[in-house]
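Structure, as C-alpha cells:
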Amino acid sequence: MIETSSTPVDAPTISIRILLFSVLREGIGRGDLEISIPPGSSATDLLDHLSKSYPVIESHRSIIRVAINQVYVDESAEVSHGDEVALITPVSGG
Amino acid sequence: MLEEKSDDTWILLTHQGLDVEAVADFLRHERAGGINMFLGTTRRWTRGMETVDLEYEAYESMAIEEIRRLTSEADRRWPIMKMVVHHRTGLVAVSQSSVLVGVSTPHRADAFDASRFLIDSLKETVPIWKRERYASGEVEWVQGSGSGGNERPV
C-alpha cells in the first residue's frame, strides 16, 4: 500500500498575529493578519507561508525585516504562540 | 500619541506639531554648556519632483522601544545631561517639521556628535515610514536605505 503524506487535520498549530505597515498594509488592505502555523516555525517559515498567499509579501521578500515582540530578529528566530510579529520594510522616518 | 518622559529623556510620537521651545527648556541643564537640536523638515523638491506633503505612519509601540534603545546607546557613548526624540505621525506639510532630536552636554562637540547619532540611527532603524504625495498627484511610500536592526552608523 502506498501512503501519501499530508498534513493531518488535527496537527498542532500556534496562533500568530502579524502587523503590517506602509506598502505591505496598502497592498494587502489591512494592518494585521491572524494566522496559524506549526509550532517550532521560524520567521523564514512564516515568510514562506505568507509569500504563498500574498503577492506583495512575495515581491518585497528580500527587503522585509521581521520583528518579534518589538525587537528585530534574524529570520532563523523561532516564532512562538502569542507572539506579536511585524513585517518591517525599509524604514523612512525623519 | 505615545510618550515616555523621565527626568533626563523625553520620547514622543505625536499627531500634533512639535514644540521646539518646550524641548529646548527640557534640555537645559546646569552642567550643560551646549544644547544641540536637529529638526527634520519636509522638503519641497526631490529629484525634480515637487512634494505636496509627507504622511508618516509608525509602528508606535516598537518605535518608542527602538528610540529608547538608541537613547540608551547615546547615553553610553557620550556624557549626555538630557535627551529628546520627538516624531510626528500623520501629515507634515512642506517646511514643517517631522522630527526633532536634541541633547545637552557639557561641551559642544559631544552635543553635535550625539545629536547626529540620534537622527542618523533613527532613520536607519526606527519603524516609521513616510508616504510622499507629489504635485502630480502621484503617491509613493518612501523605502529607506536603512536595513534596520543590527547595522548602525558609527
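For the numbers below, each heavy atom of this structure counts, side chains included, while hydrogens, waters and symmetry mates do not. Note on naming: letters A, B, ... go to the chains in the order of the sequence lines (proteins, then strands), and numbering restarts at 1 for each one.
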> Rounded to the nearest 0.5 Å, how far does CD of B:Glu57 lie from OG of A:Ser92?
Replying inline: 9.5 Å

>> To check you understand the geometry: which heavy-atom pair defines the closest contact between A:Gly94 and B:His87, and what is its length?
In response: N-NE2, 2.8 Å

>> Hydrophobic clustering (ILVMFWY, side-chain heavy atoms < 4.5 Å, transitive) - are B:Trp141 and B:Met62 grouped together?
In response: yes

> Nearest 0.5 Å, what's the CD-CZ distance between B:Glu60 and A:Phe21?
Replying inline: 9.0 Å

> Relative to chain A, which segment of B:Tyr59 carries a heavy atom at a distance below 4.5 Å: side chain, backbone, both, or neither?
Replying inline: both

>> Taking 4.5 Å as the heavy-atom cut-off, does anything in residues 53-62 of chain A contact chain B, and if so which residues?
In response: A:His60

>> When you group the ILVMFWY residues by side-chain heavy-atom contacts below 4.5 Å and let the links chain together, are A:Leu46 and A:Ile28 in the same group?
In response: yes

> Distance from A:Glu26 atom CD to B:Arg131 atom CZ, nearest 0.5 Å?
Replying inline: 5.5 Å

> A:Leu20, A:Leu47: one ILVMFWY side-chain cluster at the under-4.5 Å cut-off?
Replying inline: yes

> Between A:Gly31, A:Ser22, A:Ala67, A:Ala86, which has the largest tally of heavy atom pairs under 4.5 Å with chain B?
Replying inline: A:Ser22

>> To the nearest 0.5 Å, what is the distance between CH2 on B:Trp129 and CD1 on A:Ile88?
In response: 4.0 Å

> By a 4.5 Å heavy-atom criterion (distance strictly below it), what part of A:Leu19 contacts chain B: side chain, backbone, both, or neither?
Replying inline: side chain

> What part of A:Val71 gets closer than 4.5 Å to chain B, counting heavy atoms only: side chain, backbone, both or neither?
Replying inline: both

>> For chain A, which candidate among B:Ser61, B:Ser97, B:Ala63 shows the most heavy-atom pairs at distances under 4.5 Å?
In response: B:Ser61

> Near B:Asp7 CG, under 6.0 Å, is it more than 12 heavy atoms from other residues, nucleotides or ligands?
Replying inline: no

> Where do A:Val91 and B:Thr125 come nearest, in terms of heavy atoms and distance?
Replying inline: CG2-N, 3.9 Å

> Contact part of B:Glu65 toward chain A, heavy-atom cut-off under 4.5 Å: side chain, backbone, both or neither?
Replying inline: side chain

> When clusters are formed by joining ILVMFWY residues with side-chain heavy atoms under 4.5 Å apart, either directly or through shared neighbours, do B:Leu18 and B:Met83 land in the same one?
Replying inline: no

>> Hydrophobic clustering (ILVMFWY, side-chain heavy atoms < 4.5 Å, transitive) - are B:Leu39 and B:Leu27 grouped together?
In response: yes

>> Please classify the contact of B:Val126 with chain A as side chain, backbone, both or neither, using a heavy-atom distance under 4.5 Å.
In response: backbone

